[in-house]
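One structure is given below, encoded as structure tokens.
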Amino acid sequence: MALRESVRTRHGADTSTAADLDIATGRGRGTGHVRHGAFLANLAEAVADWRWDEVASLRRQGTAELGAAQTTDAILVASGFNGITRVADAIGIRPDPWTAQASVELRARHGIDSFAPAAKWS
Amino acid sequence: MTGSGGALAAGDTTAAAHRATLQAIAEPGAWWSGEDRVAIVRAARAAPSCALCSDTDIAARLESDRAGREHDNDGTLPPIAVEAVHGIRNDSGRLTRRWFDHVIDMGMLPESYVELVAVTASSIIVDTFAKGIGAEPYPLPDAVPGEPSLERSNDVVDADAWLPLAREGRANILRSLGLVPNASKLFFQAFESSYYMQPDSRFSLDRSQVELVAARVSAANECFY
């Protein structure tokens, strides 16, 4: 499934390459059709889980293979989403209507519905 | 750009924004003093090693009386505030309406909760980035004396969330902290450099790479939104 869809919906212009959503949810392997996708997914998850020894190793790998600026930016994006997901979860906001309507089948197929147990809002 | 031990350097813009975030936290807020807000960051930093959090999850803490146990804390904040910070820091994907209601029932004002969320999440961004690039987290600034402003917005609506959201905004996440505009400003100042929040936002990664990192972190945190 294309990550491109969310880019188009949320931010207007579509400048991305189609990507496999399973690599983003951790259900898939490989690059997800994103350049250095496997590495970036691993780094993002290690940062999200605060596995600092693993992050240090990936940081060295990323610096060698992607470059320091790209690795720093990946960590910056991951850090931001480590914060903003907590705002979303702590305020109990629901998906935006256009996202909810457009992603029913996608959420079910990729296991995203399991992130919102009934107890979340009841 | 690579420092000793494989550490990376923060860009000037990011470093300035993150330092400004911590300095803003140290100032009196709308519903917490500067001292309290700095204590919230200390609580967030202490949360990973909290013995109670490692022994129990949020659901278990709601079901039991904890046999008198408390979260590891320095005694500055009320216990329910420490529960909120540690829950948000350590177990955000499992926060439930029942847990939120418990926090409010234990005496926390909704406005205070919104500000606590903003301070906690802002500090998570700053500290995650510092640790992620291999640096030490910034030292906390001294709290600035002064009284909270007790500011809240009346321009909010029920949007089927746990709290009212700002009436205006192009996405629920951008409206989420709208009950306390000062808190919303604080958080999005911290977040701004991490995503395409401005027309001139630029990254050395391409758009699909940025989206992949964002989505992978959201999934790792089991964030439905």
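Both backbone and side-chain heavy atoms feed into the values below; hydrogens, waters and symmetry mates do not. Each chain gets a letter, A, B and so on, in the order the sequences are listed, and its residues count up from 1. Being a predicted model, the structure only gives us computed values, none of them experimental.
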B:A121 to A:G83 - nearest heavy-atom pair and separation = CB-O, 3.6 Å
request  = Find out whether A:V77 and B:R216 are in side-chain contact, i.e. whether some heavy atom of one side chain is under 4.5 Å from a heavy atom of the other.
outcome  = no
message = Between B:V217 and A:V47, is there a side-chain heavy-atom distance shorter than 4.5 Å?
response = no
ask   = By a 4.5 Å heavy-atom criterion (distance strictly below it), what part of A:V55 contacts chain B: side chain, backbone, both, or neither?
value = side chain
message = Testing the basics here: between A:E45 and B:A220, what is the closest heavy-atom pair and its distance to 0.1 Å?
response = CG-CB, 4.4 Å
query = Taking A:D96 for the side chain and B:A171 for the main chain, is one N or O donor matched with an acceptor at less than 3.5 Å?
reply = no
Min side-chain heavy-atom separation A:I91-B:L165 under 4.5 Å = yes
message = Less than 4.5 Å apart, side chain to side chain, heavy atoms only: is that true for A:I84 and B:F188?
response = yes
query = Under a 4.5 Å cut-off applied to non-hydrogen side-chain atoms, are B:F129 and A:N82 in contact?
reply = no
note = Of A:A90, A:A88, A:A48, A:A44, the largest count of non-hydrogen pairs under 4.5 angstrom with chain B goes to A:A90
query = What residues, two or more places apart in sequence or in another chain, satisfy salt bridge (charged side-chain N to carboxylate O under 4.0 Å, His left out) together with B:D127?
reply = B:R45
request  = Check whether any side-chain N or O of A:K120 sits under 3.5 Å from a backbone N or O of B:R97 as a donor-acceptor pair, and report yes or no.
outcome  = no
query = Hey, mind stepping through A:L43 and B:V213 against side-chain contact (heavy atoms from CB on, under 4.5 Å) and telling me if it holds?
reply = CA-CA 8 Å; A:L43 177 60; B:V213 171; over 6 Å; no
inquiry  = Would the distance check show the side chain of B:S92 and the main-chain N or O of A:R86 forming a donor-acceptor pair, the cut-off being under 3.5 Å?
reply    = no
ask   = At what distance, to the nearest 0.5 angstrom, does OG1 of A:T72 lie from CG of B:L205?
value = 9.5 Å
remark   = Here the gap from B:E211 atom CD to A:F81 atom CZ, rounded to the nearest 0.5 Å, amounts to 7.0 Å
task = Could you pull out the closest heavy-atom pair between B:L8 and A:A68, with the gap in Å?
result = CD2-CB, 3.8 Å
Note, B:T128 side chain near A:W50 side chain (heavy atom, < 4.5 Å) = yes
task = Would you mind telling me which of A:S57, A:G67, A:A78 has the largest number of heavy-atom pairs within less than 4.5 Å of chain B?
result = A:A78
ask   = For B:L116, is it the side chain, the backbone, both, or neither that has a heavy atom closer than 4.5 Å to a heavy atom of chain A?
value = neither
ask   = What pair of heavy atoms forms the shortest contact from B:S208 to A:V34, and how long is it?
value = OG-CG1, 3.9 Å
task = Identify the heavy atoms of A:L76 and B:F203 that sit nearest to each other, and give their distance.
result = CD2-CE2, 4.3 Å
remark   = Between B:A161 and A:I93 the two heavy atoms that sit nearest each other are CB-CA, 3.8 Å
